[in-house]
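These figures come from a predicted structure and were not determined experimentally.
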Amino acid sequence: MTLAIILSALAMTAIVAVRYFAASGLFALATARVRPGLYGHLGPQIRREIGWSLLSAAIYGIPAGIVAWGWQARGWTLIYTDWSAYPLWYLPLSLVLYLFAHDTWFYWTHRWMHRPRLFRIAHAVHHSSRPPTAWAAMSFHPVEALTGAVVIPALVFLIPIHVAVLGLVLAIMTVMGVTNHMGWEMFPRTLVRSRLGGWLITASHHQRHHEHYACNYGLYFRVWDRLCGTDRGLSDALAPPAGAT
């Protein structure tokens, strides 16, 4: 049993690392094509980001591997595979519940990480990326990585979810984590400055957090930032101007 758990944790660590390289590498390549030279002087920073991210991959992979083993070998968790186990309308609802719960956890732990002592100990690692790049999405101190590593493994014990929807949650988490940090806005002005865009987080919104720190703490949605008065809008450096096409 112990060996099986260790192997599962190692496998999940490898999966997280490969997912990181695939997503960050793809968007770094897109950056090189769309914004040539944007990362040209950031070689040492990018190497640090990759190093911290690989450490984070292990911290994310270990609890995920333990939970994956428990699900398959012991029937732990509320993950299900039978499409008929819950009504079809529950599939999108479970997706929204997971994203909102994760966003809520991220917002409050992120604000907590900005307390002076915790910032110096842990969160300063992430903010040492100036400016952030596509490789910075998982560039965390182990203390901060641990706060992010427990949330999805905890949710699968609390909220039923189809394994395919769980995969979609992880894909959205990965893509948004990378695109929010890549230093340019990939989404069109029509979305970013639309009514819907006013509730979603993209690079333009998260870049302002890296510029001013004490604002824009969310991950997917601007709900908590708006409710708590910490939304400071979009970065002037990244957001497409109101009249742009």
Do [X] and [Y] belong to the same hydrophobic cluster, where Ile, Leu, Val, Met, Phe, Trp and Tyr are linked whenever their side-chain heavy atoms lie under 4.5 Å apart, directly or via other members?
X	Y	answer
L200	L227	yes
I15	I172	no
M138	V18	no
L78	V165	no
Y217	V143	no

Below 4.5 Å, heavy atoms only, C-beta onward: do [X] and [Y] meet side chain to side chain?
X	Y	value
V163	W71	yes
M182	T179	yes
H126	E144	yes
R226	W199	yes
R208	C215	yes
H102	L219	yes
W76	W69	yes
M173	R19	yes

Examine the side chains of [X] and [Y] and answer whether a donor and an acceptor come within less than 3.5 Å of each other.
X	Y	value
S53	W135	no
S56	Y20	no
D231	H205	yes
Q45	T133	no

### Task
Please work out whether the ring planes of H209 and H114 are parallel, tilted or perpendicular, with thresholds of 30° and 60°.
perpendicular
### Query
Which heavy atom of W52 sits nearest a heavy atom of F140, and at what distance?
CE3-O, 3.4 Å
#### Entry: Atom pair CG (L238) and CH2 (W184), whose distance is rounded to the nearest 0.5 Å
10.0 Å
### Task
Determine, step by step, whether H210 and H127 satisfy the ring pair (Phe, Tyr, Trp, His ring centres under 6.0 Å) criterion, reporting the C-alpha distance in whole Å, the side-chain angles of both residues, the deciding distance to 0.1 Å, and the verdict.
CA-CA 7 Å; H210 280 265; H127 275 278; 4.8 Å; yes
